[in-house]
Amino acid sequence: MFNLMKLHSAESISIPVVQELAAKDPYALPQRYIRAEEERPPCITTNTNLITSIPIIDMELLSGDDECRQIMMDNLASACKEWGFFQVVNHGVAGSVLEQMKRDVRGFFLLPLEEKLKYVMKGGGEGYGQTLVFSDDQKLDWSDIFVLRTLPQDGTNMDFWPTKPVDFRATVDTFSKEIEKLSDRLLRLIAETLGIKSNSFENGGRKWEQAIRMNYHPRCPRPDLVLGISPHSDASAITILLQDDEVTGLHIRKAEEWVPVQPIPGALVINIGDIVQVMSNGRYKSIEHRAVPNDKRDRISIATVALHSKNAQVGPHPDLVDATHPALYRTFNLENFRKSLSENKQEGKSALQFCKIQSLP
Ligand SMILES: O=C(O)CCC(=O)C(=O)O
Ligand SMILES: [Fe+2]
């Protein structure tokens, strides 16, 4: 049997560090990671229309001349409406910032376990650990995670910020600020595509909050039997994902199929989160996605989420509610939404049950 270090957090049942498990025995695959047949990858689409990949938006063209910009804005609108996922190129974040981030995140996960355990999750969702586990029979994800709340800067808890690798703190700081500029710009553009004021998604005049979830998917002997991250939608306004260039691991759900997102070096993957789904009154939807590990090498992915502050009131934008488009969601306090997320296991898009208006007239 495996004699592994267990992690303890207040809300989560303690489970093994996957990286340790994989390192001790490269062929080990405990039963709790093996998914029911219908959940297993690869159920990659054979539909050639879908395999052509998610839309790619060249952000430089979004600040071009009027005619060109309008075409690109239409492309952005259709990417948000038809896919909920797209990749951006020429997004303004330097390639060196992205490469350094990936290097230091991998460097962190490759540190000895004792070092990483200094930053272990203690119940607040921040730190080193695994996705929340709610029951002893819940299937486990083949990944370890490290979560940092990065913005607002005066709200960060430096106890969770690793001092190794040596550049880690500075790297995350630079990355976080660059990604914030991009997410702010994207949220404005996305609002514009809906015909509402560009500041409509704003965090009540306050700066955006931000958290970075770093995922480490160790090499897996049977990637066809497990999932790196279970199907979910993101509880963010939007998410900006930086993924490994060499390994395809992200799948999104489209027309009842799972479509792989092929990495494009230097690009970032954007997805609509639950909060924009609510604020756009369902015009744009957060899309279920999952991650799968690889049998040849480890994979990292870095998801940066733009969040409203916890006391924000969130609901459908008034201009997007009328007689033909009744409100699909109630207005709620974000803190209560977050509480519901930490108390209930997410199954696909179940998070939005929290605010869905069930019985429409
Ligand atoms: O690993 C990936 O590509 C997806 C990560 C993800 O969905 C998340 O962290 O929310
Ligand atoms: Fe996600």
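Model, not experiment: these values are computed from the prediction. Each ligand, and each atom within it, is numbered from 1 in the order the structure gives.
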S.K.: What do you reckon, is CD of Glu67 surrounded by more than 12 foreign heavy atoms closer than 6.0 Å?
M.R.: no
S.K.: Any side-chain to backbone donor/acceptor pair from Asp244 onto Glu246? Under 3.5 Å, distance only.
M.R.: no
S.K.: Before we go on, tell me: are the rings of His232 and His289 under 6.0 Å apart, centre to centre?
M.R.: yes
S.K.: Decide side-chain contact (heavy atoms from CB on, under 4.5 Å) for Arg188 and Glu202; before the verdict, give the C-alpha distance in whole Å, the side-chain angles of both, and the deciding distance to 0.1 Å.
M.R.: CA-CA 8 Å; Arg188 287 169 176 278; Glu202 243 177 30; 3.2 Å; yes
S.K.: Under the 3.5 angstrom rule, does the side chain of Asp144 hit a backbone N or O of Gln19 as a donor-acceptor pair?
M.R.: yes
S.K.: Near ligand 1, which protein residues have a heavy atom under 4.0 Å away?
M.R.: Arg213, Asn215, His217, Ile229, His232, Asp234, Leu241, Leu250, His289, Ala291, Arg299, Ser301, Ala303
S.K.: Within less than 2.8 Å, report the number of protein N/O/S atoms around the Fe ion (ligand 2).
M.R.: 3
S.K.: Within the supplied structure, the quantity of interest is the number of heavy atoms (other residues, nucleotides, ligands) at a distance under 6.0 Å from Lys81 NZ; does it exceed 12?
M.R.: no
S.K.: Can you tell me if Lys349 has over 12 outside heavy atoms packed within less than 6.0 Å of its NZ?
M.R.: yes
S.K.: Count I, L, V, M, F, W, Y as connected when their side-chain heavy atoms are under 4.5 Å apart, and connections chain through other members. Are Ile229 and Val259 then in the same cluster?
M.R.: no
S.K.: Among Phe332, Trp208, Phe337, exactly one meets ring-ring contact (aromatic ring centres under 6.0 Å, His included) together with His308. Which residue is that?
M.R.: Trp208
